[in-house]
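Position 1 is the first residue of the sequence, and the numbers go up from there.
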Amino acid sequence: MNLPENLKYTKEHEWVRIEGDVAYIGITDHAQKELGDIVYVDIDTLDKEVAQNEVFGTVEAVKTVSDLFSPISGTVLEINSRLDGSPETVNSDPYGDGWIIKISVANPAEVEALLTAEAYGELVGA
């Protein structure tokens, strides 16, 4: 299983990559495999503040719809427009081009409290 060491993870299967005071958020390789083929990503929180663990959107696979939980508090700055026409990018490149939102980092301490790659790997049995 692919678990980049430079990311932080949640028990709800989201990942966070910090770049300065901005965080990229997506779902993990494990999550996209469990969901199957992703057909739609629905984010309605652009320019809105979301609290840690609050739902910021949904991802729809062929057989299910799953809520997306924000790993940190902040304002949603950007939604990955690539996913509008190619939601399957979340399946093919979950840690790269398949990122879902960019969010401001309101509280850096929240990032530090997230899971390491090793801890997340233990959680999912990797």
Side-chain angles (χ1 to χ4, degrees):
M1 182 180 307
N2 184 11
L3 290 173
E5 294 285 330
N6 64 323
L7 304 178
K8 292 287 198 163
Y9 300 87
T10 71
K11 292 177 182 172
E12 290 77 29
H13 311 290
E14 284 85 19
W15 59 261
V16 178
R17 182 179 72 236
I18 303 297
E19 294 187 6
D21 59 356
V22 172
Y24 287 77
I25 296 173
I27 63 170
T28 65
D29 190 35
H30 173 78
Q32 68 82 18
K33 285 178 182 168
E34 292 291 310
L35 287 167
D37 293 337
I38 293 171
V39 296
Y40 187 66
V41 178
D42 183 24
I43 310 297
D44 62 0
T45 49
L46 183 63
D47 297 326
K48 294 182 181 170
E49 286 191 29
V50 292
Q52 185 177 36
N53 301 318
E54 185 178 342
V55 173
F56 68 84
T58 58
V59 62
E60 184 176 337
V62 173
K63 296 180 183 174
T64 188
V65 175
S66 185
D67 286 336
L68 298 167
F69 298 93
S70 184
I72 60 172
S73 301
T75 301
V76 178
L77 304 171
E78 185 178 338
I79 298 167
N80 187 349
S81 60
R82 184 177 290 128
L83 303 182
D84 282 345
S86 302
E88 68 279 1
T89 306
V90 174
N91 293 114
S92 62
D93 192 11
Y95 301 120
D97 289 341
W99 62 272
I100 297 174
I101 63 169
K102 281 201 290 192
I103 187 171
S104 63
V105 179
N107 182 353
E110 290 177 345
V111 176
E112 294 308 311
L114 297 173
L115 300 173
T116 63
E118 182 180 349
Y120 180 74
E122 289 173 12
L123 176 75
V124 297

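Here the side chains of Leu115 and Glu122 are not in contact, with every heavy-atom distance at 4.5 Å or above. Counting heavy atoms from C-beta outward, Ile38 and Glu88 have side chains that stay 4.5 Å or more apart. Counting heavy atoms from C-beta on, the side chains of Val76 and Lys48 never come closer than 4.5 Å. Between Asn91 and Gln32 the shortest side-chain heavy-atom distance falls below 4.5 Å. When side chains are defined from C-beta on, Val16 counts as touching Ile25, because their heavy atoms get closer than 4.5 Å. Between Ile72 and Asn107 there is no side-chain heavy-atom pair separated by less than 4.5 Å. Between Thr116 and Lys8 the shortest side-chain heavy-atom distance falls below 4.5 Å.
Heavy atoms only, all atoms of each residue included: Val55 and Phe69 are closest at CG2-CE2, 3.5 Å. For the residue pair Gly85 and Pro87, the shortest heavy atom distance occurs at C-CD, 3.6 Å. Glu14 approaches Asp67 most closely through the heavy-atom pair OE2-O, 4.2 Å. The heavy-atom pair separating Phe56 from Ile43 by the smallest distance is O-CG2, 3.6 Å. In terms of heavy atoms, Pro4 sits closest to Tyr95 at CD-CE1, 3.5 Å. Here the shortest heavy-atom pairing between Ser66 and Leu35 reads CB-CD2, 3.9 Å.
Rounding to the nearest 0.5 angstrom, the gap separating the OG1 atom in Thr10 from the CD atom in Glu110 is 12.5 Å. For the atom pair Asp29 CG and Glu34 CD, the distance stands at 10.5 Å (nearest 0.5 Å). Between the OG1 atom in Thr75 and the CG atom in Asp47 there is a gap of 8.5 Å [rounded to 0.5 Å]. With rounding to the nearest 0.5 angstrom, the CD1 atom of Ile27 is 13.0 Å from the OH atom of Tyr9. For the atom pair CD1 (Ile79) and OG1 (Thr45), the distance works out to 6.0 Å, reported to the nearest 0.5 Å. Separating the NE2 atom in His30 from the CG atom in Asn2 is a distance of 13.5 Å, to the nearest 0.5 Å.
Few gaps surround CG on Asp42; more than 12 heavy atoms of other groups in view lie less than 6.0 Å from it. Heavy atoms of other residues, nucleotides or ligands lying less than 6.0 angstrom from CD of Glu118 number 12 at most. Residue-environment remark: NZ (Lys11) stays at or below the threshold of 12 foreign heavy atoms within 6.0 Å.
Using a 4.5 Å cut-off between side-chain heavy atoms of Ile, Leu, Val, Met, Phe, Trp and Tyr, with links allowed through other members, Leu46 and Val22 fall into different hydrophobic clusters. A chain of hydrophobic side-chain contacts below 4.5 Å, direct or via other Ile, Leu, Val, Met, Phe, Trp or Tyr residues, connects Tyr24 to Leu3. One hydrophobic cluster, built from ILVMFWY side chains closer than 4.5 Å, holds both Ile103 and Val90. Under a hydrophobic-cluster definition in which Ile, Leu, Val, Met, Phe, Trp and Tyr are linked whenever side-chain heavy atoms come within less than 4.5 Å, directly or via other members, Val50 and Leu83 are assigned to the same cluster. Residues Leu7 and Val111 are members of separate hydrophobic clusters, defined by side-chain heavy-atom contacts under 4.5 angstrom among Ile, Leu, Val, Met, Phe, Trp and Tyr.
Using a distance-only test at 3.5 Å, with no hydrogens or angles considered, a donor-acceptor pair links the side chain of Asn80 to the main chain of Trp99. Using a distance-only test at 3.5 Å, with no hydrogens or angles considered, no donor-acceptor pair links the side chain of Ser73 to the main chain of Ala106.
Between the side chains of Tyr120 and Thr28, a donor-acceptor pair is found at a separation under 3.5 Å.
Applying the side chain to side chain donor-acceptor pair (under 3.5 Å) test between Arg82 and each of Thr89, Asp97, Asp93 identifies Asp97 as the sole match.
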